[in-house]
There are 2 protein chains.
Amino acid sequence: MSKQPHPFAPEPSVRLSPVSYLVMGLIGLRGPSTPYQLKRAAGRSVNYFWPFPHSQLYGEPERLTAAGLLEEEREEGGRHRKVYTLTKAGRAALDSWLISPPGEVFEMRDMAVLQLFFSEFMSREALVALAGDQVRLYRERIAVLEAIALHYSERQGRRRMAPLDLGLRMARTCLDFWQEVADDPPEA
Amino acid sequence: MSKQPHPFAPEPSVRLSPVSYLVMGLIGLRGPSTPYQLKRAAGRSVNYFWPFPHSQLYGEPERLTAAGLLEEEREEGGRHRKVYTLTKAGRAALDSWLISPPGEVFEMRDMAVLQLFFSEFMSREALVALAGDQVRLYRERIAVLEAIALHYSERQGRRRMAPLDLGLRMARTCLDFWQEVADDPPEA
DNA sequence: GTACGCATGTAAACGGTTACATGATTTG
DNA sequence: CAAATCATGTAACCGTTTACATGCGTAC
C-alpha cells in the first residue's frame with residue numbers, strides 16, 4: 001500500500017485535529033471570522049459539549065492557513081484583527097470530513113468514575129460525598145443546558161439542537177446513576 | 001495567598017495527572033507490578049472507560065518514582081523488569097485524592113456529535129449513514145460491556161463493577177439517540 | 001532453526017493547556 | 001481620570017500519542 005498522495009485527490013498535508021474541524025465548521029456557519037468572534041460563537045454553542053481554551057482559536061487558524069484551508073486578511077480599521085475565510089480546499093476538507101463517519105464512539109475519561117473504580121480504598125462516607133457532589137454538579141449542568149435549549153430552540157435548526165438534546169440525556173443518565181450510588185452506596 | 005508549600009502538609013512536588021492516579025490505583029489494587037502487568041490489568045478493566053497507549057505505563061511510573069510516590073526495583077531473573085511499589089507517600093497521595101471529589105463532570109468530546117452539530121452542510125443520506133454507523137458501533141460496544149459484566153460480576157466487588165454499569169447506561173442512551181436520528185433524521 | 005508474531009521498551013513530535021502580557025473599554 | 005474588568009494575543013510547558021526498536025517465544 002503506497003503512502004504517496006493520490007495525484008487526483010491530494011490529501012491535506014497536515015493532520016487535522018478535532019479543533020481544526022471545529023474552526024472550519026464555525027467559519028462555515030458564520031462566514032469570515034476573527035478569532036475572537038469564533039471564541040464567542042463557540043462559547044454559546046459548541047463549548048457545551050466540546051470545551052477548549054480560547055488560545056486554540058489563535059494558533060489553529062494559523063496552521064490551517066499554512067495548510068491552505070483558510071485565508072487570512074486584516075481588518076481595515078481598529079485593531080487590524082485577522083479575519084479568516086474558508087478557501088475552496090477548506091470547504092472541500094470540511095465537506096469530505098462530514099461524509100466520513102468517525103467509526104468510533106466517545107470515551108468517557110471521567111475523573112469521578114475513576115475514583116469510583118478505585119473506591120474500595122474509600123470509606124462509605126467518602127463515597128457518598130463523591131456521589132452527592134456529582135449529583136449537585138449534574139443538576140447544575142442540566143439546568144444550564146435546559147436554559148440554553150429554551151433560549152435557542154426557536155432560532156436554531158433541529159440539527160444544531162440535537163447535540164444539546166444528547167447532552168441532556170447523558171447528563172440525566174449520569175444524574176440517575178450517582179443518585180443511586182448516593183442513596184445506596186455499594187459495599188466494596 | 002502564599003504559594004509556599006505548607007510545612008506540615010507538604011504538597012507533592014509534581015502535578016499528578018489522571019494517568020498518575022490510574023497507575024497508583026492499579027498498583028494499589030494489584031500490589032507490586034511491572035509496566036506490562038499494569039498494561040494487561042488496565043486492558044481488562046479501566047481501559048474500557050479510560051483508554052491510553054501502553055507507553056504511558058513506562059513513562060509515568062518513572063515520573064512517580066522521581067516524585068517519591070513509587071519505589072522501583074529490578075526483577076531477579078529473566079528480563080530484569082522494573083517492579084513498582086507504592087511508597088508511604090504514594091499511598092497517602094492516592095488516599096487523599098480519593099477523598100477529594102473532582103468538582104467537575106466529564107466532557108463529551110464526541111466526534112460524531114461534532115459532525116452532527118455541523119450537519120447542515122450534510123445531505124439527509126449522509127446523516128442517516130452517520131447515525132447508522134454510530135448505532136452499529138454502540139451495539140458492538142454494549143455487547144462487549146455486557147460480556148465483561150457477565151464474566152467478572154462474581155469475582156469483582158460491586159464498587160469496581162459500578163463504572164461498567166454506568167458505561168452500559170451511557171452506551172444505551174447514545175444508542176437510543178442515534179437510533180432516533182437514523183429513523184427520523186431532523187431537517188436542517 | 002528460522003520466521004513470524006507478540007512482548008516489552010524508548011524517545012521524539014505534536015497539540016492542548018497554562019500562564020502571562022498588553023491594549024481597550026467601562027464605571028464611579 | 002483612576003481602577004477595574006474585559007478583549008485580544010503570544011509563548012512556553014507538559015502530557016499524550018506516534019513511531020520506532022529490540023527481545024523472546026512458539027509453530028512448523
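Every chain is numbered from 1, with letters handed out A, B, ... down the list of sequences. Values below: every heavy atom of this structure, side chains too, minus hydrogens, waters and symmetry copies.
Nucleotide dT18(D) holds its C1' atom 16 Å from the CG atom of Leu57(B), rounded to whole Å. Taking atom CG on Asn47(B) and atom P on dT17(D), their separation rounds to 11 Å, with Å as the unit. One can place CG of Leu22(A) at 15 Å from P of dG15(C), the figure rounded to the nearest angstrom. The separation between Lys39(A) atom NZ and dG9(D) atom P is 11 Å, rounded to whole Å. Straight-line distance from the CZ atom of Phe52(B) to the P atom of dC14(D): 22 Å, rounded to whole Å. Here the C1' atom of nucleotide dA7(C) and the NZ atom of Lys82(B) are 16 Å apart, to the nearest Å. For Arg15(B) and dT18(C), the CZ to P distance is 7 Å, given to the nearest whole Å. Here dA13(C) presents its C1' atom at 12 Å from CZ of Arg63(A), a figure rounded to the nearest Å.
The side chain of Tyr58(A) contributes an N or O atom lying less than 4.0 Å from OP1 or OP2 of dG9(D).
Comparing dG9(C), dA19(C), dG16(C) by their closest approach to the side chain of His54(B) singles out dG9(C). Comparing atom distances between the Glu60(B) side chain and each of dG15(C), dT16(D), dG9(D) picks out dT16(D) as nearest. Closest to the side chain of Arg109(A), out of dG9(D), dG16(C), dT17(D), is dT17(D).
Each of Gly59(B) and Glu107(B) was assigned the nucleotide of DNA chain C with the nearest heavy atom; the assignment lying further toward the 5' end belongs to Gly59(B).
Glu187(B) and Arg124(B) are joined by a salt bridge, as a carboxylate oxygen and a charged side-chain nitrogen come within less than 4.0 angstrom of each other. Ion pairing between a basic and an acidic side chain is recognised when a charged N comes within 4.0 Å of a carboxylate O; Arg172(A) and Asp176(A) show no such pairing. A salt bridge is defined here as a Lys NZ or Arg NE, NH1 or NH2 lying under 4.0 Å from an Asp or Glu carboxylate O, and Glu73(B) with Lys82(B) fails to meet this definition.
In this structure, Arg91(A) satisfies the cation-pi test against Phe121(B), with its NZ or CZ atom closer than 6.0 Å to the six-membered ring centre and inside 45 degrees of the ring normal.
A donor-acceptor contact closer than 3.5 angstrom links the side chains of Gln179(A) and Arg139(A).
Counting distance only, with no hydrogens placed and no angle test, the side-chain atoms of Ser55(B) and the base atoms of dT16(D) include no donor-acceptor pair under 3.5 Å.
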